[in-house]
> 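Pasting a structure below so you can have a look.
Naming convention: chains lettered A, B, ... in sequence-line order (proteins, then strands); numbering from 1 in each chain.
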There are 2 protein chains.
Amino acid sequence: MPKKQETENPYAEWTNSLGYLMRTAFRSMSRALENRTSDHGVTASQWHFLRVLWMEDGISQRELSERVRMREPTTVVALKRLEKSGLVLRKQSPDDGRKINVYLSPKAKRLKTKLMPLVEEVNELATEGLNAEEKAELRRLLQKVNANLAAEDIYPMLPAKKR
Amino acid sequence: MPKKQETENPYAEWTNSLGYLMRTAFRSMSRALENRTSDHGVTASQWHFLRVLWMEDGISQRELSERVRMREPTTVVALKRLEKSGLVLRKQSPDDGRKINVYLSPKAKRLKTKLMPLVEEVNELATEGLNAEEKAELRRLLQKVNANLAAEDIYPMLPAKKR
DNA sequence: TCAATTTCATTAGCTAGCTATGTAAATTAA
DNA sequence: TTAATTTACATAGCTAGCTAATGAAATTGA
């Protein structure tokens, strides 16, 4: 164990823990994002669902859950709110009566061009002072962490084969 | 912009976003942690508060909020639950009638030796396959992100001067 | 010295996650 | 071809975050 910093900074030990760093980084990013998107009536959580739908409009709720890596009840509740604010429509699948497909409203599609720059802004703020290699390295390392934890996680890592 | 991977993986675009990676990494770690600590009646959220108190027993609720970087109402509610499960005691400060100091119970102090290895296990699982330099780099980059976002965040970065 | 301001904790009420459980449609198997 | 199983969604009830507003003690300042 290197003990170099500890005398300078009494908090170094636990502010250096991966869990602490993840938690604070995630919450700070969420807050920064929501500060910007809330003017358009979109929360940080909703943003994650919308981003997937902008890529794959019309997928089922189950598929959507897998994409955002949230459990089904979380998705159900999130979609109810998105539906209430007129951003998505839910239609029963004609092929399979169990499935409900989720579609973006025109309003939600228009929002994409407004929201994307805001998110870009947050990403740039978050990675300010990092060069291109460092930014790529951060992503790579986080993906590795995700892959490592996927073993005991809910869904297989994407791109997912149907299990 | 390198476009190498995009043709291989249709999800590469948004699964590469910093917000997505942070969110999934944080939630996966929380779940992995809670899977292990729940046997001892401790949630992932409570863990963060306990860890600070193991370092600085007897600090005020406000100070505790700053350390874990959560808002005061979040801390109040978390402490109520910790108090109810017999892990902390809250005593009004004799010096300042507004302050409430938070103390660990003997039970909570004993828990430290049981919980620390579990958390260590999660950290190792999360960073499996990364060498020492990569682990250090991940921490360094996350700290940089935290520092960048601190500007529009709630509390000044630690170690904090009293503001 | 006492009125105004600041600080610390709290409450109320909201969104967002989770697990456990239920229900109906589709699929599998007897 | 009907009974059992699986799949997809929903509901209930919980913890954990947040903002806004309230209350009470301490501090400031006229």
> Is the phosphate of dT11(D), meaning OP1 or OP2, less than 4.0 Å from a side-chain N or O of K80(A)?
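For dT11(D), OP1 or OP2 has a side-chain N or O of K80(A) closer than 4.0 Å.
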
> Please pick, from dC8(C), dA16(D), dA10(D), the nucleotide with the shortest atom-to-atom distance to any side-chain atom of R81(B).
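Selected nucleotide: dA16(D).
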
> Taking the nucleotide of DNA chain C with the nearest heavy atom to each, does T74(A) or K99(B) sit closer to the 5' end?
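Upstream on the strand: K99(B).
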
> Less than 4.0 angstrom from a charged side-chain N to a carboxylate O is my criterion; do R140(B) and E137(A) meet it?
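Looking at R140(B) and E137(A), the cut-off is not met.
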
> If only side-chain N and O atoms of R62(A) are considered, is one of them under 4.0 Å from the OP1 or OP2 phosphate oxygen of dA8(D)?
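For dA8(D), OP1/OP2 do have a side-chain N/O of R62(A) under 4.0 Å.
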
> Write down the distance between CZ (R69(B)) and P (dG17(D)), rounded to a whole number of angstrom.
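After rounding, the reported distance stands at 15 Å.
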
> Could you check how far CG of D95(B) sits from C1' of dA25(D), rounded to whole Å?
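After rounding, the gap between these two atoms is 13 Å.
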
> Taking only N and O in the side chain of T43(B), is any of them less than 4.0 Å away from OP1 or OP2 of dT15(D)?
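It does not, given that no N or O in the side chain of T43(B) lies less than 4.0 Å from OP1 or OP2 of dT15(D).
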
> Before you tell me yes or no, could you show the steps for T43(B) and R81(B) under side-chain hydrogen bond (donor to acceptor under 3.5 Å, both in side chains), namely the whole-Å CA-CA distance, both residues' side-chain angles and the distance that decides it to 0.1 Å?
CA-CA 10 Å; T43(B) 66; R81(B) 294 204 59 236; 4.8 Å; no

> Using a cut-off of less than 4.0 Å, is there contact between a side-chain N or O of R71(B) and OP1 or OP2 of dT19(D)?
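For dT19(D), OP1 or OP2 has a side-chain N or O of R71(B) closer than 4.0 Å.
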
> Applying a 4.0 Å non-hydrogen cut-off, can you work out what S60(B) is touching in the nucleic acid: base, sugar-phosphate, or nothing?
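Sugar-phosphate only.
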
> Output the rounded distance in Å from NZ (K91(A)) to P (dC9(D)).
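Taking NZ of K91(A) and P of dC9(D), I get 16 Å after rounding.
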
> dA16(D), dC18(D), dA26(D): which one has an atom nearest the side-chain heavy atoms of M70(B)?
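Nearest listed nucleotide: dC18(D).
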
> For Q92(B) and dA9(C), what is the distance between atoms CD and P respectively, to the nearest whole Å?
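Going from CD in Q92(B) over to P in dA9(C) covers 10 Å.
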
> Any non-hydrogen side-chain atom of H40(A) less than 4.5 Å from a side-chain atom of L118(A)?
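Answer yes - side chains close enough.
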
> Is R27(B) near enough to dC18(C) that one of its side-chain N or O atoms lies under 4.0 angstrom from OP1 or OP2?
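For R27(B), the contact criterion (side-chain N or O under 4.0 Å from OP1 or OP2 of dC18(C)) is met.
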
> When the distance from CD of E72(B) to C1' of dT22(D) is rounded to whole Å, what number comes out?
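The answer, rounded to whole Å, is 14 Å.
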
> Please check: side-chain N/O of T113(A) versus main-chain N/O of R110(A), any donor-acceptor pairing under 3.5 Å?
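Yes: the side chain of T113(A) pairs with the backbone of R110(A).
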
> Do L125(A) and R36(A) have side-chain heavy atoms sitting under 4.5 Å apart?
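Yes - at least one pair of side-chain heavy atoms lies under 4.5 Å apart.
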
> Quick test: give all pairs of protein nitrogen or oxygen and nucleotides 1-3 of chain C nitrogen or oxygen below 3.5 Å, distance rounded to 0.1 Å.
none

> Just how far, in rounded Å, is P of dT15(D) from CG of L79(B)?
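L79(B) atom CG is separated from dT15(D) atom P by 15 Å.
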
> With a 4.5 Å cut-off on side-chain heavy atoms, are M29(B) and N123(B) touching?
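Side chain of N123(B) against side chain of M29(B), heavy atoms only: contact under 4.5 Å found.
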
> Between P on dA26(D) and CD1 on I100(B), what's the gap in Å once rounded to a whole number?
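Answer to the nearest Å: 12 Å.
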
> Look only at the side chain of E134(B) and the backbone of N131(B), and say whether a donor-acceptor pair between them is shorter than 3.5 Å.
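Side chain of E134(B) to backbone of N131(B), a donor-acceptor pair under 3.5 Å: yes, one is there.
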
> Does Q61(B) place a side-chain N or O at less than 4.0 Å from the phosphate oxygens OP1/OP2 of dT10(C)?
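Looking at the OP1 and OP2 atoms of dT10(C), one of them is under 4.0 Å from a side-chain N or O of Q61(B).
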
> Would you indicate what S45(A) reaches in the nucleic acid, counting non-hydrogen atoms under 4.0 angstrom: base, sugar-phosphate, or nothing?
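Sugar-phosphate, no base atom in range.
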
> Does the side chain of R90(A) get closer than 4.0 angstrom to OP1 or OP2 of dA10(D) through an N or O atom?
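Yes, because at least one side-chain N or O of R90(A) sits under 4.0 Å from OP1 or OP2 of dA10(D).
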
> Roughly how many Å is it from CZ in R98(B) to C1' in dC8(C), rounded to a whole number?
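Going from CZ in R98(B) over to C1' in dC8(C) covers 6 Å.
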
> More 5' along DNA chain C: G97(A) or H48(A), using each one's nearest nucleotide?
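Between the two, 5'-proximity favours H48(A).
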
> From the options dA25(D), dC18(D), dA25(C), select the nucleotide whose nearest atom is closest to the side chain of P73(B).
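Of the options given, the side chain of P73(B) lies nearest dC18(D).
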
> Ion pair present between E83(B) and K80(B), side-chain N to carboxylate O less than 4.0 angstrom?
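Salt bridge between E83(B) and K80(B), a charged N being under 4.0 Å from a carboxylate O: no.
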
